[in-house]
Protein chains: 2
Amino acid sequence: MAKRDTKSRILDTAERLFARSGFDAVSLRNIIAAAKVNLAAVHYHFGSKQALVHAVIARRLRPINEERLAKLAEARAKAGRRPLQLEHVLDCLFRPLFRVQADPKAGPTFGRLVGRVMGERNVGLHKFMMSELAEVIIQFRTAFEAALPGLPREEADWRSHFMAGAMAHTLCNADLLARFTGTDADASDYESTVRRLIDFTAAGFRARVSPPPKNARAKRKPKRT
Amino acid sequence: MAKRDTKSRILDTAERLFARSGFDAVSLRNIIAAAKVNLAAVHYHFGSKQALVHAVIARRLRPINEERLAKLAEARAKAGRRPLQLEHVLDCLFRPLFRVQADPKAGPTFGRLVGRVMGERNVGLHKFMMSELAEVIIQFRTAFEAALPGLPREEADWRSHFMAGAMAHTLCNADLLARFTGTDADASDYESTVRRLIDFTAAGFRARVSPPPKNARAKRKPKRT
DNA sequence: ATTTAATTCAAACGACTGTTTGAAACAGGC
DNA sequence: GCCTGTTTCAAACAGTCGTTTGAATTAAAT
């Protein structure tokens, strides 16, 4: 069987190092040194560093997204005609993602990795990520609208944006909280994290839309000379 | 006076390029080519690339943090004995930061830059950022506690964390919203952004703390359905 | 005008990057 | 045994990176 596990070793090691230091900061030589494989093996099995990055992400993100969609569909079926509750929709979105942090095989590394991607400016990586998330975005957008009757679509989109930020930042810096505040941010206790995140974002989604300030400039464009 | 503006040209150009592509992705040679200065000028004026990054951040972040603290102190003085309202505290935190996006001199570039830093894994940069934000964190943490009587400190810290994520993500990807949803995310209309962010995060802070699920590991739990 | 200090410049430094190459080591089928 | 296709390996490729150097240029001071 020789070293048939070379591909997996590269994936595992790359995931760990990428999560710790970011995609650009980790070189292929760092990876192959830690994984104890040959440098050319990366290009043999994956083709390029970019493709390796995509493989690392897709390996774990694809099952997560499938589970998200499955749980959402199941919840929808169980609700029947009644509208789906916002908290349930959020649970379908958060839980599959945060559960991998408790998975001893993946550890907390992959969570940070996903959180990191959202802040990436790499155009190719961003497009890849968006194509992976496309169906999830579509399905959950309509689910949010259904769970939030009366909320203008523009406000719903902004609040989805805020929610995504809270989620990503929590994933990426889960350890920060423990370090700075002394709070016990035990990664294995992902149930509490999900609950807290749902409490916060559900209330944010349901917030009353406050009127714009009176002295704000109206929508008309001030004509400049 | 020769080219006394070399230092400023480097700062401005570096800020623009860093915001567009990130700190690691932009090389000193990219900067000096765009700024039309000599390569060694960077090390002459700043000492190293790391120091340049710090200078770019500190130049705009320091006044912002001073304004944050000043506005908070002013609001506290004006409130007298009465407790400060949560929305006012959030306004003191968000407005000075988002206002620079409307500043034609800084443009929307710096906002993205600050948003990016929060997702950075560079240890040195992270420590620098935290030392810059230390006083702001301390002051606003106590302000949040005062505005949220009864909320356990642990929950308050988690929610501050979520809020920071929403804020950073909004700064970093303000343009994304417009691109993907068709919503008009006009950067000049920072008033609306601040209002929306306050609506969302204030409601999140005030959310009822839901009890942990029944089959979770025992701790302490009121019973509720 | 001469001296002194501050700034700019072209060129090079060593180290590191992702990628390619061509030969060696291995696998299973016959 | 030989053969065929897959996988591993050491070495080199062509760039780019941040940083340094020492001389040339400019500004200010005497």
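In what follows, chains are A, B, ... by sequence order, proteins preceding strands, each numbered from 1. Because the structure is predicted, anything quoted here is derived from the model rather than measured. Just so you know, these numbers use all the heavy atoms, side chains as well, and skip hydrogens, waters and symmetry mates.
Closest approach of A:Val26 to A:Leu17, counting heavy atoms only: CG2-O, 3.4 Å. Across all non-hydrogen atoms, the minimal contact from B:Leu197 to B:Ala166 is CD1-CB, 4.2 Å. A pairwise comparison of heavy atoms in B:Met163 and B:Phe144 identifies SD-CZ, 3.9 Å as the closest pair.
Side-chain N/O atoms of A:Thr6 include one lying less than 4.0 angstrom from OP1 or OP2 on D:dT8. Between D:dT7 and A:Asn38, no contact under 4.0 Å exists linking OP1 or OP2 to a side-chain N or O.
For the pair A:Leu28 CG and D:dC9 C1', the interatomic distance rounds to 16 Å; values are reported in whole Å. The distance between atom CD1 of A:Ile32 and atom P of C:dC16, rounded to the nearest whole Å, is 13 Å. Distance NZ (B:Lys36) to P (C:dT7): 22 Å, rounded to an integer number of Å. Residue A:Phe23 contributes atom CZ, which lies 17 Å from atom P of C:dT17 at whole-angstrom precision. For B:Lys49 and D:dC17, the NZ to P distance is 8 Å, given to the nearest whole Å. Look at NE2 on A:His43: it is 15 Å from P on D:dT8, rounded to the nearest Å. Distance, A:Leu52 CG to C:dT17 P: 15 Å, rounded to whole Å. Put simply, NZ on B:Lys7 is 11 Å from P on C:dT8, counting in whole angstrom units.
Take the nearest nucleotide of DNA chain C for B:Leu39 and for A:Asn30: the residue whose nucleotide is more 5' is B:Leu39.
A salt bridge (Lys or Arg N to Asp or Glu O under 4.0 Å) with A:Arg95 is found for one member of A:Glu191, A:Glu67, A:Glu87 and no other, namely A:Glu191.
Using a 4.0 Å heavy-atom criterion, one finds that B:Ala40 contacts the bases of the nucleic acid, with or without backbone contacts as well.
Listed nucleotides C:dT19, C:dG18, C:dA10 differ in distance to A:Ser27; the shortest reach to its side chain belongs to C:dG18. Taking every side-chain heavy atom of B:Tyr44 into account, C:dT7 is the closest of D:dT8, D:dC17, C:dT7. Set against D:dT8, C:dT7, C:dT19, the side chain of B:His45 has C:dT7 as its closest nucleotide. Distance from the side chain of B:Ser48 is smallest to D:dT19 among D:dT19, D:dT8, C:dG18.
Looking at B:Arg59 and B:Asp12, a side-chain N of the basic residue comes within less than 4.0 Å of a carboxylate O on the acidic one, giving a salt bridge.
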